[in-house]
Amino acid sequence: MTSPLALEVADAVADLLADPNTAPVSPRTTTTDRQQLAYGPLGIALLHIERAAADRGPWQRAQAWLAAATREPFTSGPDSHPFYGAPALAHAVACAADHQPASYQRALRDLDAQIDRDVRRRLDAAHRRIDAGELPELAEFDVIRGLSGYGAHLLHRDPLSPTLSRVLHYCVRLAEPVGHDGERLPGWWAASGPSGRPDERFPGGHANSGMAHGIGGVLALLALAARQGNTVGGHYEAIRTILAWLDRWRENGPGPAWPYWVTRDELRDGRLAPVAPRRPSWCYGTVGLARAQQLAALALGDSPRQAEAENDLVAAITNSAQLKATVDDGLCHGISGLAHVAARTAADALPSTASQIRTVIPALLSVLCPPGAYPAAVAAALLKDEGAGPGFLDGAAGTAFALLAPASAASPVSAWDSCLLLA
């Protein structure tokens, strides 16, 4: 089922963001946030790259936003990461180069070389840390700041890269249990709180489950690589280890869910502390983890697990308690993100569950684009939300992105969501 209204809203957002010189955005977007994929001009450029690749808009808009982003040099080296600086620029440029290769090859060569150096440096540090028996920081391995995010870029840009193989080897080591303070912990156990900083609420650290900052992103990377035939020693064992952890901590009420994290006390007690229903978002919730587990099941050829993951997604996005906890529109943890992940999941789903997923998507779209609404008014409201901003993860551009696939029943043409390890 398609949604012309949702497509018109996405078109209206793109029109309002057509030109960085006239778009109704804060100056912060092209200054303070210039190097941020999550909030700055790179995310808006990605919206126009996807639309141009799908013949829904002109390439000139994408080029204008890329030019706005690159008026000054980008940060590289230790101070950069997949969502900030040169690696973030590389993702946007690589998505454009897939469709206009002649325009971006020189820039990509320079970026490729820098990313290769950065990843090798990070890997060397990570292996030294493992060899020393120390626990990781979230930023070592997560999708936003760490090696899973770099792996996502390499899997899109150069899936046969030796550096990608080294990242996958690291992920296999990360999945191996470790002994620490006399206890057996999963290899991704962080000594910090979820913010990545010491936190008195997390004595003894935590194991993060999420797609954005936890083991869900590592699982998705391993699964996507395996589906492309790119595996390393221990690859499938690592996938099974992570799945077993998620099985262990699965909750079943209200609706299937996974904790955002497991604390040391919960690990010792063998049970989770009670919490209110959580939003089923990409970044931490059931929908993102269901997609990761579906991808893992596809890599393993495990049809029963695949069906379970797909049914979990349907249950989550039809559960009133979980949906009530979803209070914004954006891609990262909002309604549009649920719709986009659902559409991605449906495209790979078993026939019986694919139809169920597609049946529930229109209800999500109607929350963002109520019947009878004026597309221009909805788009203007999205851009007036100063808290969310115009950008990729939380803002109007990301919401417009996330409407395209579920509203058109067509998969993305560019690889814009590869940075989220959704495909």
Side-chain angles (χ1 to χ4, degrees), residues 3 6-26 29-30 33-70 83 88-100 103-104 156 282 329-332 334-337 339-341 343-344 365 368-369 375-376 378-385 388-408 410-420 422-423:
S3 172
L7 288 174
E8 289 173 8
V9 169
D11 289 343
V13 170
D15 288 342
L16 287 171
L17 293 173
D19 186 336
N21 295 312
T22 59
V25 300
S26 165
T29 301
T30 52
D33 292 338
R34 180 180 64 88
Q35 300 191 61
Q36 296 278 3
L37 178 61
Y39 312 115
L42 294 175
I44 300 171
L46 275 177
L47 170 63
H48 293 300
I49 289 166
E50 169 64 20
R51 289 174 53 80
D55 294 325
R56 295 189 66 85
W59 277 103
Q60 187 276 331
R61 293 180 176 183
Q63 292 158 357
W65 282 99
L66 286 173
T70 55
F83 271 65
L89 175 63
H91 174 61
V93 173
C95 288
D98 288 342
H99 301 276
Q100 289 203 323
S103 301
Y104 300 101
H156 164 222
W282 165 75
D329 300 326
L331 172 62
C332 181
I335 292 292
S336 66
H340 178 73
V341 180
R344 272 297 196 188
L365 296 179
L368 291 165
C369 311
V378 175
L382 289 171
L383 279 163
K384 285 179 181 176
D385 185 342
F392 177 64
L393 275 188
D394 297 328
T399 299
F401 266 128
L403 290 175
L404 294 175
S408 64
S411 296
V413 178
S414 73
W416 71 264
D417 63 349
S418 63
C419 66
L420 305 177
L422 291 172

Q. Do the rings of His340 and Trp416 sit parallel, tilted or perpendicular, given the 30° and 60° boundaries?
A.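 The rings of His340 and Trp416 sit tilted, inter-plane angle from 30° to 60°.
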(Q) Parallel, tilted or perpendicular: which one describes the rings of Phe392 and Phe83, with boundaries at 30° and 60°? (A)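 The rings of Phe392 and Phe83 sit tilted, inter-plane angle from 30° to 60°.
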Any side-chain heavy-atom pair from [X] and [Y] closer than 4.5 angstrom?
{"X": "Trp65", "Y": "Thr30", "result": "yes"}
{"X": "Ile44", "Y": "Arg61", "result": "no"}
{"X": "Glu50", "Y": "Val413", "result": "yes"}
{"X": "Val378", "Y": "Leu368", "result": "no"}
{"X": "Leu382", "Y": "Asp329", "result": "yes"}
{"X": "Leu17", "Y": "Leu383", "result": "yes"}

Q) For the atom pair OG1 (Thr22) and CG (Leu16), what is the distance rounded to the nearest 0.5 Å? A) 9.5 Å
Q.
Once rounded to the nearest 0.5 Å, what's the spacing between atom CG of Asp385 and atom CG of Asp394?
A. 9.5 Å
Q: Examine distances only and state if a side-chain atom of His156 and a backbone atom of His91 form a donor-acceptor pair shorter than 3.5 Å.
A: no
(Q) Run the side chain to side chain donor-acceptor pair (under 3.5 Å) test against Arg34 and tell me which residues pass, sequence neighbours left out. (A)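 For Arg34, no residue satisfies side chain to side chain donor-acceptor pair (under 3.5 Å) once neighbours in sequence are set aside.
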